Protein chains: 2
Amino acid sequence: MNVSEIEIFRDFIKKKGLRYTPEREIILKEIFSIHDHFDVDELYLRLRNKGHRISKASIYRTLPLLIECGLVQEVYHEDGHMHYEHIYGHEPHAHFRCLSCRRVEEFQDPRLEEVAQEYAQKYGIDLKMTRFEILGYCANCRGKGGL
Amino acid sequence: MNVSEIEIFRDFIKKKGLRYTPEREIILKEIFSIHDHFDVDELYLRLRNKGHRISKASIYRTLPLLIECGLVQEVYHEDGHMHYEHIYGHEPHAHFRCLSCRRVEEFQDPRLEEVAQEYAQKYGIDLKMTRFEILGYCANCRGKGGL
DNA sequence: TTACTATTGAAAAAAAATTGCAATAAGGTC
DNA sequence: GACCTTATTGCAATTTTTTTTCAATAGTAA
Ligand SMILES: [Mn+2]
Ligand SMILES: [Mn+2]
Ligand SMILES: [Zn+2]
Ligand SMILES: [Zn+2]
């Protein structure tokens with residue numbers, strides 16, 4: 001676990017005139033220890049299992065801050081709730097999701113960033129993030145009659 | 001309003017052994033009369049204002065069917081709920097969303113489809129849909145201090 | 001230390017989506 | 001058309017997700 005995401009978060013919090021609390025740091029650290037996509041409930045349970053008594057309200061309040069400073073991203077909405085991932089220190093990547101087995105695969109392609117950059121440049125946009133998703137049936141699931 | 005989406009939907013419903021009801025057709029027609037992104041509540045209110053007494057439950061039950069047969073798509077999740085659009089008869093397109101004014105712009109780029117096709121081919125995926133989103137601050141909003 | 005005020009957890013509330021159920025009606029068969 | 005089977009409907013209740021309220025706590029600057 002690198003220390004730089006902590007510095008980034010603290011600087012961001014300070015610059016906004018907010019307060020850097022233990023709860024915020026614990027949430028940040030936990031998120032960067034998850035090397036997968038996660039949702040609020042998973043994060044909450046993980047913290048809880050480690051003995052932390054951090055409320056879901058605090059998680060819901062902290063996530064937007066982490067997203068705003070570019071450390072975390074909403075990845076996809078599935079089963080009625082959002083799924084997240086930490087992104088600092090990772091190359092931007094796209095996601096394939098199987099509509100049947102719900103497997104999620106990541107992949108990269110420089111053309112995706114290119115398209116985003118060019119569009120941002122053309123319209124004077126301050127680009128914050130991109131999301132590219134492919135939905136379909138994986139090789140194992142295709143032909144098995146959909147769901 | 002083309003008739004072909006109706007045929008597609010009816011064929012799909014029949015092939016699944018389901019029943020083609022007036023409610024389902026009314027929902028379909030209404031969706032194809034909205035030339036914009038919409039959410040469940042907007043759709044419900046539009047139907048209601050036209051005198052239809054279609055329940056939200058029916059809308060929530062019908063949307064997955066329309067998505068499954070490729071007529072409708074989830075576009076983005078914002079303000080805690082999903083937003084949709086009809087896609088039949090439209091070129092695949094990407095979305096830019098301004099994080100400040102929430103404006104949504106559409107644009108096309110053949111490279112996006114290329115990337116998706118190539119990935120699907122490579123891994124034997126039965127591709128159903130792709131979603132490409134750019135998030136950032138539009139030319140009007142940038143520099144105005146974020147939110 | 002003191003003062004100010006942002007943050008917290010817990011509970012309540014709000015919002016979104018799903019489900020149970022009795023009445024209805026689609027659509028196949030005669 | 002009449003009849004039968006069973007999917008679908010609206011409504012209300014429920015579940016799930018997210019936000020908000022509020023009193024207690026605690027971060028930060030002076
Ligand atoms: Mn990922
Ligand atoms: Mn669109
Ligand atoms: Zn699969
Ligand atoms: Zn804007």
Side-chain angles (χ1 to χ4, degrees), chain A residues 6 9-31 37-69 72 74-84 147, chain B residues 6 9-31 37-69 72 74-84 147:
Chain A
I6 293 179
F9 191 39
R10 177 159 34 202
D11 290 353
F12 169 81
I13 289 291
K14 293 291 185 186
K15 185 149 40 179
K16 282 204 101 177
L18 305 176
R19 292 171 184 178
Y20 193 71
T21 64
E23 289 82 3
R24 284 177 175 160
E25 185 170 296
I26 289 166
I27 290 169
L28 168 67
K29 282 181 175 170
E30 190 57 37
I31 287 176
H37 308 126
F38 64 92
D39 57 36
V40 167
D41 208 56
E42 276 171 50
L43 178 54
Y44 173 72
L45 259 23
R46 282 181 65 124
L47 289 167
R48 191 144 253 276
N49 289 338
K50 291 189 181 174
H52 299 297
R53 276 296 153 69
I54 291 177
S55 68
K56 276 193 183 176
S58 287
I59 293 175
Y60 276 112
R61 287 164 179 142
T62 302
L63 276 170
L65 296 170
L66 290 167
I67 290 169
E68 193 183 341
C69 69
V72 172
E74 294 182 335
V75 197
Y76 53 87
H77 192 269
E78 190 179 60
D79 297 321
H81 57 269
M82 191 55 73
H83 295 248
Y84 306 84
L147 185 100
Chain B
I6 294 179
F9 191 39
R10 177 158 31 201
D11 290 353
F12 170 80
I13 289 290
K14 293 293 183 183
K15 185 149 40 181
K16 281 203 104 176
L18 304 176
R19 291 172 185 178
Y20 193 70
T21 65
E23 289 81 4
R24 284 177 176 161
E25 185 170 296
I26 290 166
I27 290 169
L28 169 67
K29 282 181 176 170
E30 191 57 37
I31 287 175
H37 307 126
F38 65 92
D39 57 34
V40 167
D41 207 57
E42 276 171 50
L43 178 55
Y44 173 71
L45 260 22
R46 282 182 65 123
L47 289 168
R48 192 144 253 277
N49 289 338
K50 292 189 179 174
H52 298 298
R53 276 295 153 67
I54 292 177
S55 68
K56 277 193 182 174
S58 286
I59 293 176
Y60 276 113
R61 288 164 179 144
T62 302
L63 277 170
L65 295 170
L66 291 167
I67 290 169
E68 193 183 342
C69 68
V72 171
E74 294 183 334
V75 198
Y76 53 86
H77 193 269
E78 190 180 60
D79 297 321
H81 58 270
M82 192 53 74
H83 294 249
Y84 306 84
L147 185 102

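Sequence lines set the chain letters: A, B, ... in the order given, protein chains first and strands last, and positions in each chain run from 1. Every value quoted in this text rests on a predicted model; they were computed, and no experiment measured them.
The aromatic rings of Phe9(A) and Tyr20(A) stand perpendicular to each other, their planes meeting at an angle above 60°, with 30° marking the opposite boundary. Using cut-offs of 30° and 60° on the angle between ring planes, the pair His37(A) and Tyr76(A) is perpendicular.
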**OP:** Using a 4.0 Å cut-off on protein heavy atoms (strictly under), produce a 5'-to-3' string for nucleotides 8-14 of chain C with B for base contact, S for backbone-only sugar-phosphate contact, and - for none.
**Re:** BBB----
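Under 3.5 Å, the side chains of Arg48(B) and Tyr44(B) contain a donor-acceptor pair of N or O atoms.
Rounded to whole Å, the distance from CG on Leu43(B) to P on dA17(C) is 13 Å. Residue Met82(B) contributes atom CE, which lies 12 Å from atom C1' of dA17(C) at whole-angstrom precision. Rounded to an integer number of Å, the gap from Leu45(B) CG to dA15(C) C1' is 15 Å. One can place CD of Glu78(B) at 15 Å from C1' of dA16(C), the figure rounded to the nearest angstrom. A straight line from CZ of Arg19(B) to P of dG28(C) spans 9 Å, rounded to a whole angstrom.
Between Glu42(B) and Arg46(B) there is no salt bridge, since none of the side-chain N atoms of the basic residue sits less than 4.0 Å from a carboxylate O of the acidic one.
Contact annotation: Tyr60(B) side-chain N/O to dT18(C) OP1/OP2 distance is not under 4.0 Å.
Between Arg61(B) and Pro64(B), the closest heavy-atom pair is O-CD, 3.5 Å. Across every non-hydrogen atom of Glu78(B) and His83(B), the tightest pair is O-NE2, 3.4 Å. Residues Lys29(B) and Ile6(B) come closest through the heavy atom pair CE-CD1, 3.5 Å.
Here the side chain of Arg24(B) pairs a donor or acceptor atom with the backbone of Arg19(B) at under 3.5 angstrom.
Using a 4.0 Å cutoff to heavy atoms of chain B, the contacted part of DNA chain D runs 5' to 3' from dT5(D) to dC11(D).
Val40(A) places none of its side-chain heavy atoms less than 4.5 Å from the side chain of His81(A). Looking at Phe12(B) and Leu66(B), their side chains never come closer than 4.5 Å, going by heavy atoms from C-beta outward.
Counting non-hydrogen atoms under 4.0 angstrom, Lys16(B) reaches nothing in the nucleic acid.
Over its full length, the helix from dT1(C)-dA30(D) to dC30(C)-dG1(D) turns its helical axis through 50°, comparing axes from the five pairs at each end and rounding to 10°.
Mapping Leu18(B) and Tyr20(A) onto DNA chain C by nearest heavy atom places Tyr20(A) at the nucleotide closer to the 5' end.
For the side-chain contact (heavy atoms from CB on, under 4.5 Å) with Ile27(B), the lone residue among Thr62(B), Leu65(B), Val72(B) that qualifies is Thr62(B).
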